[in-house]
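Encoded as structure tokens, the structure appears first; notes follow it.
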Amino acid sequence: MTPAQNLAAPLLEVRDLSRHFGGLVAVDGLSFSVQSGAIHGLIGPNGAGKTTTFNVISGFYAPTHGQVLYQGRDVSGMKTARLAAIGLIRTFQGTTLFKEFTVLDNVRVGCHGSAGAGFLGRVFGTDREIEAKARQKAEDLLEFFGLAELRDEIAANLPHGHQRTLGMAVALAADPKILLLDEPFTGMNPEETARMMELVRAVRRRGVSVMLVEHDMQAIMGLCDTITVMNFGALLAEGTPDAVRKNPAVIEAYLGTANHAA
């Protein structure tokens, strides 16, 4: 990031965020911010509260306390569809695709989230121009993600890595300003991981900010500008990959255990 980006107001900000489930405190007074143009990682041990934090940011849960600010606007508790309409898009650990659709049709469906074509208009053919633009946009995205040769393949027939890539293409079709990626490298071999890392960088080069929850430490350390570390629902540490890697509290709580397990 440039110095100007660091001085700018954050694109996404979490302020004193808490989420309770009965007597369980899943997120506990968490605060951090994501700058425009950044790749920002959220890590921590299993049960640290990462996924719950993502769920609150993306509108699946309302916060018990605190705020989520997006572009300076309080969006706490706003529904997922409304957040997507203003550019906050989230992918899921389990790839969410129309498995019986072709690769191209999956991305075309994603395009309609931002195209403005109504159902009746499509049925009666009055939105043909919008349909044509959506198809061209989908074709361009398949080219960008290296899936153009698979446009007519049924999504269910794709190998795991290609399904995750297609999920990214569908998300990008909705014109996000920030993309929340939930464990994008899960189940990938080293070659697929390296390819996905380059795709995340390419998405950033298109002007989309990225925040990701991930357990693959090599990917996180190789991608992120800033890493936020959670433990027991709270902020444990934050900083550059190098600073986080050397932080004694992080090593004790997470990295040391992860390295030992590896």
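Computed over heavy atoms, backbone and side chain alike; hydrogens, waters and symmetry mates excluded.
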Polar side-chain atom of Glu214 near backbone of Phe185 as donor-acceptor pair, under 3.5 Å: yes
Set of side-chain hydrogen bond (donor to acceptor under 3.5 Å, both in side chains) partners for Gln218, sequence neighbours left out: none
If you define the side chain from C-beta out and look only at heavy atoms, does anything of Thr193 sit under 4.5 Å from Met197? yes
Donor-acceptor contact present, side-chain Thr80 to main-chain Ser58, <3.5 Å: yes
Just jot down the ring-ring contact (aromatic ring centres under 6.0 Å, His included) partners of Phe98, sequence neighbours excluded, or say none. Phe101
Return each pair, listed once, that meets ring pair (Phe, Tyr, Trp, His ring centres under 6.0 Å) where at least one residue sits in residues 24-44; pairs must be two or more places apart or across chains. Phe32-His40
Taken in chain and number order and not counting sequence neighbours, the residues that satisfy ring-ring contact (aromatic ring centres under 6.0 Å, His included) with Phe144 are none
Residues that Asp216 engages under salt bridge (charged side-chain N to carboxylate O under 4.0 Å, His left out), provided they are two or more places apart: none
Return the set of residues passing salt bridge (charged side-chain N to carboxylate O under 4.0 Å, His left out) with Asp242 (not counting sequence neighbours), or none when no residue passes. Arg245, Lys246
Heavy atoms, side chains only, cut-off 4.5 Å: are Arg151 and Val107 in contact? no
State which residues pass ring-ring contact (aromatic ring centres under 6.0 Å, His included) with His215; sequence neighbours excluded, sorted by chain then number. none
Salt bridge (charged side-chain N to carboxylate O under 4.0 Å, His left out) involving Arg201 - partner list, sequence neighbours excluded: Glu198
According to salt bridge (charged side-chain N to carboxylate O under 4.0 Å, His left out), who are the partners of Arg15, at least two apart in sequence or on a separate chain? Glu13
Using the ring-ring contact (aromatic ring centres under 6.0 Å, His included) criterion, which residues pair with Tyr61? Sequence neighbours excluded. Phe21
List in chain and number order the residues that pass side-chain hydrogen bond (donor to acceptor under 3.5 Å, both in side chains) with Glu143, two or more places apart in sequence or in another chain; answer none if no residue qualifies. none
For residues 20-31, the side chain to side chain donor-acceptor pair (under 3.5 Å) pairs (sequence neighbours left out) are none
